[in-house]
Number of protein chains: 2
Amino acid sequence: MTKPESVGSKYTRHSRDDVVAAALNILDEHGLPDLTMRRLAATLDVQPSALYWHFANKQTLLASIADQIVSRATLPGQTEHEWKGATRAEAEALRDALLAFRDGAEVVSSTLALGLGAGEAQKRLSGAIRGGGFDQGRSEVAAAALLHFILGHVSHEQQRLQADSLGVVPQEHSADPANATTGARGREAFDFGITLLLSGLELQIHAGTLSD
Amino acid sequence: MTKPESVGSKYTRHSRDDVVAAALNILDEHGLPDLTMRRLAATLDVQPSALYWHFANKQTLLASIADQIVSRATLPGQTEHEWKGATRAEAEALRDALLAFRDGAEVVSSTLALGLGAGEAQKRLSGAIRGGGFDQGRSEVAAAALLHFILGHVSHEQQRLQADSLGVVPQEHSADPANATTGARGREAFDFGITLLLSGLELQIHAGTLSD
DNA sequence: ACCTGAACACCGTTCAAGT
DNA sequence: ACCTGAACACCGTTCAAGT
């Protein structure tokens, strides 16, 4: 499935999608630091320079990877009708999608400024928020705030996951009960942050200014 | 001032602080991608290997840089007495400190998992929040949420700053009025996000559960 | 206490040329 | 349409040895 058509050509040939799929594989199995152009080329039995026929540079490739990760964030039932529940569901789906790939949050974060990858995520969030009757501008700024929290939280979570697996545990930081953003408490802390933002946003319905 | 004592030795010698100061200089003038160990060594008129006497690795050096950036986040008047104002003031000070150095937010973010650099920031925030009567655990989780938003927002801001300066402006994303996290609207969007989190947190005072 | 010199094992990217 | 081969200009890190 990852392999190309292999029509009677002299050597293996790949499509753009093949490259992205192979990259996602390396990312999930070895992490972002190991996702190099040279290593990716090697797993495809190809010279590193061949990748530059498919992508202008590594940054562009990472953007495509981010797109794939975010696009896998699908809602389960879609049975939510009120905006808070709908927005929370989008946030949870996004968290799950980011957690599904090693270093997923960091990859998506790195493409945020380019409007790729994370752009789709922000659209979903702001769309759900708009269901609450907020205007376009407010919905987008609120969605950006949600997205920053989500990416930061999950990124933190994933950094710790791999720091712990490497045994690089400075002091008590690993199993510290006060550090509520890891492990089983990860989901709890995540929900708490989302709650703060959503209930704060709800108060804004009857407010006309951005200030307090 | 950056130069060492230069007591009659055969070549220039530097302290750990000299190295950090020079690194901060490179960071601010050329950005994080240009902050390499080799380049840093060159500006200090030293071999790259010399840096490894002062720091175990680049990660550790970045942590010290993050510490410096965060420690510069000082409050102006300290005239706030109620927790919301005090917490907002800490958040603003942190934002200013991050913006004071090119790629400052990204550097601090990258050290978040290690508990260095950003740890100091989280302590300040949770300390201010505790003034509202929240227990230790809640204050820390809330501070983490604030910190994730702050780092994500400023990081986004700084990424766009340098993307624009490089002329890499995909489509209308640069001056897009809908993109409310850049330029003059950056401060506004930042304050809005902080408001959402703080007012959401205020509602939690009379709530016993983490859920909605 | 702080640095040199030399090496190891890598990177991303370009570009003419091949099929 | 997709890839090779070869090169360019870099990286972070280690380690014995010097002063």
Side-chain angles (χ1 to χ4, degrees), chain A residues 2-23 26-27 30-66 103 106-107 110-111 114 162 166 168, chain B residues 2-23 26-27 30-66 103 106-107 110-111 114 162 166 168:
Chain A
T2 310
K3 282 287 169 187
E5 338 277 314
S6 59
V7 279
S9 175
K10 192 166 185 182
Y11 32 66
T12 48
R13 310 191 121 205
H14 308 87
S15 70
R16 204 182 144 98
D17 286 343
D18 290 329
V19 177
V20 174
I26 295 179
L27 178 69
H30 304 280
L32 187 55
D34 281 4
L35 178 50
T36 69
M37 298 300 267
R38 299 182 106 100
R39 179 158 187 168
L40 175 57
T43 74
L44 290 167
D45 277 312
V46 128
Q47 296 294 318
S49 52
L51 299 176
Y52 291 85
W53 190 89
H54 298 283
F55 297 93
N57 48 46
K58 189 178 182 178
Q59 184 74 253
T60 311
L61 169 62
L62 285 173
S64 289
I65 296 173
D103 294 336
E106 204 181 331
V107 172
S110 74
T111 67
L114 303 167
Q162 117 181 62
L166 257 76
V168 192
Chain B
T2 310
K3 281 288 171 188
E5 337 277 313
S6 58
V7 278
S9 173
K10 193 166 187 186
Y11 32 65
T12 46
R13 312 191 119 205
H14 308 89
S15 71
R16 202 181 145 99
D17 286 342
D18 291 330
V19 178
V20 174
I26 295 180
L27 178 70
H30 304 281
L32 186 55
D34 281 3
L35 178 51
T36 70
M37 298 299 268
R38 300 181 105 101
R39 179 158 185 167
L40 175 57
T43 73
L44 290 167
D45 278 311
V46 128
Q47 295 296 316
S49 52
L51 299 176
Y52 291 86
W53 191 90
H54 298 282
F55 296 93
N57 47 45
K58 190 178 181 179
Q59 185 72 254
T60 311
L61 168 62
L62 285 173
S64 289
I65 296 173
D103 294 336
E106 204 181 331
V107 171
S110 74
T111 67
L114 304 167
Q162 121 180 59
L166 257 75
V168 192

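Chain letters run A, B, ... following the sequence lines, proteins first, then strands; residues in each count from 1.
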Under-4.0 Å side-chain N/O to phosphate OP1/OP2 contact, B:His14 with C:dC2: no
Between D:dC10 (P) and A:Lys58 (NZ): distance, integer Å: 18 Å
With B:Ser49 via side chain to side chain donor-acceptor pair (under 3.5 Å) - residues at least two apart: none
CG on A:Leu27 to CG on A:Asp34, rounded to 0.5 Å: 10.0 Å
Nucleotide D:dC3, atom P - distance to CE of A:Met37 in whole Å: 13 Å
From B:Ile65 atom CD1 to B:Phe55 atom CZ, the distance as rounded to the nearest 0.5 Å: 7.5 Å
With B:Asp17 via salt bridge (charged side-chain N to carboxylate O under 4.0 Å, His left out) - residues at least two apart: none
By side chain to side chain donor-acceptor pair (under 3.5 Å) - contacts of B:Arg16 (at least two apart): B:Ser64
Euclidean distance, A:Leu61 CG relative to A:Leu51 CG, rounded to 0.5 Å: 7.5 Å
Interatomic distance, B:Phe55 CZ vs D:dT14 P [rounded to whole Å]: 15 Å
Stem regions touching DNA chain C, defined by at least 3 consecutive Watson-Crick or wobble G-U pairs below 3.5 angstrom: C:4-8 with D:12-16, C:12-16 with D:4-8
Pairwise P distance, D:dA9 and C:dA9 [rounded to whole Å]: 24 Å
Whole-angstrom distance between D:dC3 and C:dC15, as gauged at atom C1': 13 Å
Rounded distance in Å - CG (B:Leu51) to P (D:dC15): 17 Å
CG on B:Leu114 to OG1 on B:Thr60, rounded to 0.5 Å: 8.0 Å
Rounded distance (Å) that lies between atom C1' of D:dC3 and atom OH of A:Tyr52: 15 Å
Phosphate OP1/OP2 of D:dA1 contacted by A:His54 side-chain N/O (<4.0 Å): no
Interatomic spacing from CD in A:Gln59 to CG in A:Asn57 - rounded to 0.5 Å: 6.5 Å
B:Trp53 side-chain proximity, nearest of C:dT4, C:dA1, C:dT14: C:dA1
Protein-nucleotide distance (A:Arg39, atom CZ; D:dC11, atom P), rounded to Å: 23 Å
For nucleotides 5-8 of chain D, print each protein N/O atom paired with a nucleotide N/O atom at under 3.5 Å, atom names and distance only.
from	atom 1	to	atom 2	distance (Å)
D:dG5	O6	A:Ser49	OG	2.6

Atom pair distance, as rounded to whole Å: CG in A:Leu40 and P in C:dT13: 12 Å
Pairs satisfying salt bridge (Lys or Arg N to Asp or Glu O under 4.0 Å), at least one member in residues 47-63 of chain A, at least two apart: none
Minimum-distance nucleotide to A:Arg13 side chain [options: D:dA1, C:dT13, C:dA1]: D:dA1
Distance in Å, A:Gln47 CD paired with A:Met37 CE, rounded so as to fall on 0.5 Å steps: 13.5 Å
C1' atoms of C:dA17 and D:dC2, separation to the nearest Å: 13 Å
Atom-to-atom span, CD of A:Gln59 to P of C:dC11 - whole angstrom: 18 Å
